[in-house]
J.: 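Take this structure, written in structure tokens, and hold onto it; I'll ask about it next.
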Amino acid sequence: MWEYTEAVMEHFLHPRNVGEIEDADGTGEVGSLACGDALRLTFKLDENQRIKEAKFQTFGCASAIASSSVLTEMIKGKTLDEAEKITNKEIAEYLGGLPEEKMHCSVMGMEALEAAIANYRGQPVEKQDYEIVCKCFGITDKEIERVARENNLTTVEEVTHYTKAGGGCQSCHPKIKMILDQLWDGKKPEKAAPKPAAGKKLTNLQKIRLIEETLEREIIPPMRADGGDLELIDIDGNTVYVGLRGACSSCPMSDFTLKKYVETKLKEFVHPDIVVEEVKL
Amino acid sequence: MKTVYMDNNATTRTDPAVVEAMLPFFSELYGNPSSMHSFGGQVGRHVREAREKIAALINAHPAEILFTSCGTESDNAAIMGTLRSYPDKKHFIMTRVEHPAVLNVGHYLRARGYRVTELGVDRKGRLDLGELRDALSDDTALVSVMTANNETGVIFPIDEIGEIVKARGIPFHTDAVQAVGKIPMDMARQPIDMLSLSGHKLHAPKGVGALYIRRGTKFTPFVIGGHQESGKRGGTENVPYIVGLGKASELAGEHLKEENTRVKKMRDRLEKELLERIPNAMINGDPGNRLPNTTSISFEYVEGESILLLMNAVQICASSGSACTSGSLEPSHVLRAMGVPFTAAHGSIRFSLSVYNSEEDVDHVIEQMPPIIQKVRDISPFWKDFQAGKPISALMAGGSGHDHHHH
């Protein structure tokens, strides 16, 4: 059995924004019945060209449905230029992570969004300029290259986990290997390089800014998805004082959330010596 | 709420009487049956009795029963043990719907220079015996065809197959892991040279199996070691588990009638009600020729993992041939070999019952399944299109079918 995070199960059991917008401004369809997962995404813009409404229909497993559901939540209120920047990694992170073999579900979300935006802009969504490498699942060389670059994938197996390419008859494995070889050209990417190298010497001001950024970008969005919130109260040396708000404040799991989740993230992105303390109201 | 367990083709509950029979052999009667003292030697009697009980279940001679660690080992031993006995023959025949314990041995052999024939099945999962006849050659070392399929429950005409194979003087093995204890097997009458069975599919614990080898069949040991099992399989006898398998075989013989009456009736009611209550659902396999406990039902336009997780939330255990449940990316090789369309293959759910199931269990499943399927269909773009009478969106229709997988 897969080990899904609570966020995945929550979005699977209670998916947000299911359906299809009748007079949608943009529609994106990716995946296929043959592959076992497919997603139709529709959105509507408001007068300020921001996404007012987004809906999805998904055929697939729990992680495909959860990825689609959070995607519709993530893009609401964004301009198309902002929405376009959402990566599959962010979708997966929003869900508190996905099993490696299920990463392709987050990639499907990202691709549906791109297709829908392209559809709105009147761009063709055809993949015809590119070669279909994996014929079983209809994955192009361009897709493999891009997903491999964005996720630092170096092996065929990883590419299969993220894109499904190579998961069928496997006859394209040499071709995928070639794409990876060309992409990395002998030099391997740094594995899971945290954006700013955690642990390097920071001035106090830099540290505070980095903590704030990390909270806003990495930590708070998934908590908000669960109806919770977090407030930064003070920073003293390496001790970060926060207050839990919303659903989190009454959640029996809050100690766990704080230590396991908030602290771990801050250690990863800011400094390994960070300690998080809760300030109760 | 109590758990409704309908995944007995995956594994079964160890019968409490089996557990009880095993217990003394952990703490009191722990001797080694090969020992020269009576403390160990007395254990040998219990191993012998277990062997007799298993032989009785399939109407074989006790000397023809070899204990193994599981069904997979039995299959491996039968195939590799036969091929090593016929080193000059380089052809192996199996079906495309075998369990991985046979299928992947076949693929392993192919990668090492053997010619391997995989017999196809039709839309109902039936073999074409003409294809088998045509495939047999003087170079054929072994034919291995399962008695009943684990996913669909379809039973192959094993007697007819055995006749055809043996008429050519070729050894015949059957993986009967899913069949033993569910349908009668009779080695005195059936033209079978080797038969694999597994303990945990018939209410014995995991970790014990047996291989029937007809007297006079050429066999080279697969597990090489001591003199145990008449020199056919090395390794100290797993006494508690062997005793457990013996007890479970005895009970299976007693339950065989119930399996084919009460359990079959429950399966039939479950199937009929689900098909009536849920539109666009279909049975996979040959309805008239199946194990009494198994039904594989495909729900169109939805995906199996989602269904299973929602079933899990209401304490129903079953399994699916969907790609997503296995970690592989393609749906079940059995359903694909049968040519089940992708609209249905991904949404297949297998219910497999046992004598421990009750009518209340069936009621619970009948009640819970329709809203579960409705819930996933409400999310599915294909179901929406289907209901609107629209063709499947060209963008999402995917490949032309499943044929391109088979090169």
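Lettering of chains follows the sequences in order, A, B, ..., and the numbering in each one begins at 1. Basis for what follows: all heavy atoms, side chains included, without hydrogens, waters or symmetry-related copies. The model shown is predicted, which means the values in this text are computed figures rather than measured ones.
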J.: Drop me the distance from B:Ser306's OG to A:Leu13's CG, to the nearest 0.5 angstrom.
T.: 10.0 Å
J.: Holding to side chain to side chain contact (heavy atoms under 4.5 Å, CB included), I want the full list of residues that pass it with A:Lys142, two or more places apart in sequence or in another chain.
T.: A:Tyr130, A:Thr140
J.: For B:Tyr108, look at atom OH and say whether over 12 heavy atoms of other residues, nucleotides or ligands are found less than 6.0 Å away.
T.: no
J.: Roughly how far, to the nearest 0.5 Å, is CZ of A:Phe12 from CD1 of B:Ile379?
T.: 7.0 Å
J.: Within a radius of less than 6.0 Å around CD of A:Glu53, do more than 12 heavy atoms belonging to other residues, nucleotides or ligands occur?
T.: yes
J.: Please tabulate, for the side chains in residues 54-65 of chain A, all donor-acceptor contacts under 3.5 angstrom to protein atoms that are two or more places apart in sequence or on a different chain.
T.:
from	atom 1	to	atom 2	distance (Å)
A:Gln57	OE1	A:Arg40	NH1	2.9
A:Thr58	OG1	A:Ser68	OG	2.7

J.: Heavy-atom cut-off 4.5 Å, strictly under: side chain, backbone, both or neither for B:Asn312 against chain A?
T.: side chain
